Amino acid sequence: MNTIYPGHPYPLGATWDGRGVNFALFSENATGVELCFYSADGKTETGRFKIIERSHHVWHCYVVDAQPGQLYGYRVSGPYEPQAGHRFNPNKLLLDPYAKAVSGTLHWHDSLFGYTIGDPGGDLSFNETDSAPFVPKAVVIDPNFDWGDDKAPQTPYHKTIIYETHVKGFTKLHPDIPEELRGTYSGLAHPVTIQYLKALGITAIELMPVHYFLTDGHLESNGLSNYWGYNTIGFFAPDVRYSSKGGVHEQVFEFKNMVKELHKAGIEVILDVVYNHTAEGSELGPTISFRGIDNSSYYRLTEDARYYMDYTGCGNTLNSNLPNVLRLIMDSLRYWILEMHVDGFRFDLASTLARELHEVNRLSAFFDIIHQDPVISQVKLIAEPWDVGEGGYQVGKFPPGWAEWNGKYRDCMRDYWRGADSMLSEFAERLTGSSDLYKNDYRRPTASINFITAHDGFTLHDLVSYNEKHNEANGEGNNDGESHNRSWNCGAEGETDDPNIKAMRKQQVRNFLTTLFLSQGVPMLVAGDELGKTQYGNNNAYCQDNELSWINWAQADNELLAFTRSLIHIYKSHPGFSRRRWFKGLPIKGAGAEDIAWFLPEGDEMSEENWNQDFAKSLGVFLNGKALRTVDPLGRPEVDDNFYVIFNAHGDSVPYKLPSKKYGKHWIKLIDTTEPLVLDGSVVYEPEEFIEVKGRSVVLLNQTLQ
């Protein structure tokens, strides 16, 4: 029998010190808390401790001789008054919000709900059935790990290339990775994976959620699962389903080793995090953790406290205005930085975190605290700058230190290449870093995370192959997912044997990739897009944990892969494509010409009226390599080659007259997206010479400075 002492209120969670474990749980409105220990298989309760000590709403105790690997949970007593926002039910075993590891997965059962399923009173009824047999258990961990000489790559934003991927889907079908490691943290850390990432040229992987999450009950009953993982219930625990060992808490060591190996290769690890809601859903959802620990202290409730504010579309919203929730989020972020060594975060539905009461306020407490935090403020912070609530679309409105997924960039580039009515002026804005959104005293072009596709929506192959979504496999009557995709199927819906359509689709893919890597800002590539990955028109594959979502390495488009690698190499070799300062569009002293200039096919510079013609689909742009206006780490002025890029979204060829000698001479063709591979540099043009730019293509010309 373990001996129990008062312990300490901090740190929250379970903390092993070599001789025992301190347990601390926040609950402001509880009247009693019990700590329950379980056997290694999670089936048998082996001890129960009534926690007496309470300091500043934190219930705490110290259990002598408790060891790493110990499974535990809480039972919390208090009023069950849903109309007042209280849903305490000691019959429900609860997961510690600060659990560093979670053993096993949830088994859906009626006992998981605080109310009685089928009762006429609905969630106002009270369920006395014990939920412990069906609830995953928190695990005490050993925090020790040999990090060796691990060092964060600290890649500056202007040299960052983000690769969005899924831990399982990336390696699950990889034939060169041992079968037992496929789809796991160890699979991502395998030399084959790292060699691929380095050869591709990316500098950071952005992992879709790895925080412990739940699969929704309705998905499980339909034979589906929450593959994407945007249903978090454990903000400190790496999900055990991605562990090759599958043990009690080995997933923590395995995750750390993955980060260590990626860092050795100079690759940063960014986590996609979901602090806007939890997996407990609406008032009709289960009682698994926060709801039973202190419902009104964790969630945003409506005026009728029985119900939840829902800015996420997932049934509830965490109340980041409350001190204990802010502490939870900040403690979680610091933990992943300090203990797990991750390099940054992408915040799902980040506008939700900015809401003061109901309005979106970019100066909310959440951002103030992050801005002054000496740890969190030093890593990459990326916002998905919208949520589903009124006024939630906040692209360009986040504070200093933040980068943003630029949804306007995505929409503009899709419209341009599908030939939709749009202004060249917006295309130019997006290409040059979206100064209309980000240019001010404290933000640079790198505030814009540029992307054509993301996990949510069509793959790049499908973007040029489908006009409509095809989500029938999701079991929702094809009513889920975005209906306005700004896609163009090039003349046939879905797969086709027509060689002309197939050729145009490949060309369009190269157009999108070339545009992405010639744009100012931070490029984000979705894993598989460089391989021609298809989901056969499913633009919402969140529930497809199968071959539809996983990367099929056996069907990789190696020609496209070679093109993408060469394109990324060009991008990384030339700082002119990733400038740290905004273009001025003016003559630059010592640079021979303005830093950027825009041209019509006739060779004349664009006038004001040319920018606002919605039928115009073609333009040339000169990038002055002598006008970077920055210095390298040793204080030497940075210079680059000059480049001339011609974009032609018309269906027909357009003859382009190159600029005069003022802009240099001997232009070498590097890329023509009508060609499947980057060119060898043997084609050279002189000033004012005409070049035929074929329909729907990009031409990149290079002029090496002597």
Side-chain angles (χ1 to χ4, degrees), residues 157-158 395-396 406 408-409 412-413 416 422-448 450 514-523 571 574-614 616-631 637-649 656-665 667 687-688 693 698-703 705:
Y157 266 121
H158 71 282
V395 173
N406 190 344
K408 292 188 176 182
Y409 176 93
C412 175
M413 295 310 176
Y416 177 76
S422 58
M423 300 294 183
L424 282 178
S425 56
E426 185 184 6
F427 177 83
E429 281 281 15
R430 304 295 160 245
L431 186 74
T432 55
S434 295
S435 62
D436 60 329
L437 300 175
Y438 304 113
K439 187 175 183 179
N440 52 39
D441 292 338
Y442 54 82
R443 303 189 85 180
R444 300 287 174 84
T446 50
S448 178
N450 297 330
T514 302
T515 305
L516 176 65
F517 284 102
L518 298 186
S519 297
Q520 302 298 318
V522 179
Y571 173 83
H574 295 284
F577 297 127
S578 54
R579 299 177 184 232
R580 285 177 279 169
R581 299 186 183 277
W582 296 102
F583 287 109
K584 290 187 174 182
L586 299 170
I588 304 298
K589 185 177 180 181
E594 50 265 67
D595 55 0
I596 188 170
W598 306 88
F599 292 90
L600 296 167
E602 298 80 12
D604 300 324
E605 289 201 41
M606 299 266 288
S607 66
E608 190 65 34
E609 64 177 303
N610 299 136
W611 287 114
N612 298 313
Q613 297 172 343
D614 60 11
K617 301 297 176 192
S618 182
L619 80 167
V621 54
F622 168 78
L623 303 175
N624 192 332
K626 288 184 178 180
L628 300 186
R629 307 197 314 281
T630 53
V631 296
E638 286 187 309
V639 295
D640 193 12
D641 297 350
N642 290 338
F643 287 92
Y644 192 76
V645 194
I646 304 171
F647 297 92
N648 180 23
Y656 252 86
K657 184 179 180 181
L658 294 178
S660 67
K661 292 180 180 179
K662 171 185 175 182
Y663 298 96
K665 53 186 177 180
W667 291 102
E688 301 188 32
V693 182
V698 184
V699 171
L700 174 66
L701 301 167
N702 165 255
Q703 183 185 90
L705 299 179

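All values reported here derive from a predicted model rather than from experimental measurement.
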**Message:** Checking Arg579 against His158 for the side chain to side chain contact (heavy atoms under 4.5 Å, CB included) test, could you report, in this order, the C-alpha distance in whole Å, the side-chain angles of both residues, the deciding distance, and whether it holds?
**Reply:** CA-CA 7 Å; Arg579 299 177 184 232; His158 71 282; over 6 Å; no
**Pair Leu518-Leu623, side chain to side chain contact (heavy atoms under 4.5 Å, CB included): steps then yes or no** = CA-CA 10 Å; Leu518 298 186; Leu623 303 175; over 6 Å; no
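Partners of Tyr656 under the ring-ring contact (aromatic ring centres under 6.0 Å, His included) rule, at least two apart in sequence or in another chain, do not exist in this structure. Legend: residues meeting side chain to side chain donor-acceptor pair (under 3.5 Å) with Asn648, ordered by chain and number and at least two apart, are absent. Not counting sequence neighbours, Tyr409 has no partner by the ring-ring contact (aromatic ring centres under 6.0 Å, His included) test. For Ala428, the side chain to side chain contact (heavy atoms under 4.5 Å, CB included) partners at least two apart in sequence or on another chain are Trp598, Trp611. Partners of Phe583 according to the ring-ring contact (aromatic ring centres under 6.0 Å, His included) rule, which considers only residues two or more places apart in sequence or in another chain, do not exist here. Among residues two or more places apart in sequence or in another chain, the side chain to side chain contact (heavy atoms under 4.5 Å, CB included) test is passed with Glu608 by Asn612. Not a single side chain to side chain donor-acceptor pair (under 3.5 Å) links Thr514 to another residue, sequence neighbours left out. Applying the salt bridge (charged side-chain N to carboxylate O under 4.0 Å, His left out) criterion to Arg443, with sequence neighbours excluded, gives Glu404. For Tyr438, there are no ring-ring contact (aromatic ring centres under 6.0 Å, His included) partners two or more places apart in sequence or in a different chain. Take Arg430 and apply the salt bridge (charged side-chain N to carboxylate O under 4.0 Å, His left out) test, not counting sequence neighbours, and it matches Glu426, Asp436. Remark: Glu638 pairs with Arg580, Thr630 by the side chain to side chain donor-acceptor pair (under 3.5 Å) rule, at least two apart or across chains. Not a single side chain to side chain donor-acceptor pair (under 3.5 Å) links Tyr644 to another residue, sequence neighbours left out.
Using a 4.5 Å heavy-atom cutoff, the side chains of Ser448 and Leu437 are not in contact. Counting only heavy atoms from C-beta outward, the side chains of Leu424 and Asn610 never approach each other to under 4.5 Å. Side-chain contact between Ile646 and Phe599: absent, with no pair of heavy atoms (C-beta onward) separated by less than 4.5 Å. The side-chain heavy atoms of Lys657 and Glu602, taken from C-beta on, include no pair separated by under 4.5 Å. Inter-residue side-chain proximity for Phe647 and Val621 is flagged as met; some heavy-atom pair is nearer than 4.5 Å. Taking the side chain as every heavy atom from C-beta outward, Val395 and Asn406 approach each other to under 4.5 Å. Annotation: side chain of Tyr416 is not in contact with side chain of Thr515 (no heavy-atom distance under 4.5 Å). At least one side-chain heavy atom of Arg629 sits under 4.5 Å from a side-chain heavy atom of Lys584.
Of all non-hydrogen atoms in Gly585 and Glu594, the two that sit nearest each other are C-CB, 4.0 Å. Here the closest non-hydrogen pair linking Asn450 and Gly521 is ND2-CA, 3.7 Å. Heavy-atom minimum distance, Gln520 versus Thr432: CB-C, 3.5 Å. A pairwise comparison of heavy atoms in Asp640 and Gly576 identifies OD2-N, 2.9 Å as the closest pair. For the residue pair Trp582 and Pro445, the shortest heavy atom distance occurs at CZ2-N, 3.5 Å. Between Asp641 and Gln703 the shortest heavy-atom distance is CB-O, 3.4 Å.
At most 12 heavy atoms of other shown residues, nucleotides or ligands fall within 6.0 angstrom of atom NZ in Lys665.
Ring geometry, Phe577 versus Phe643: the interplanar angle falls from 30° to 60°, so the pair is classed tilted.
One distance of note links NZ of Lys617 with CZ of Phe427; it measures 10.5 Å at 0.5 Å rounding.
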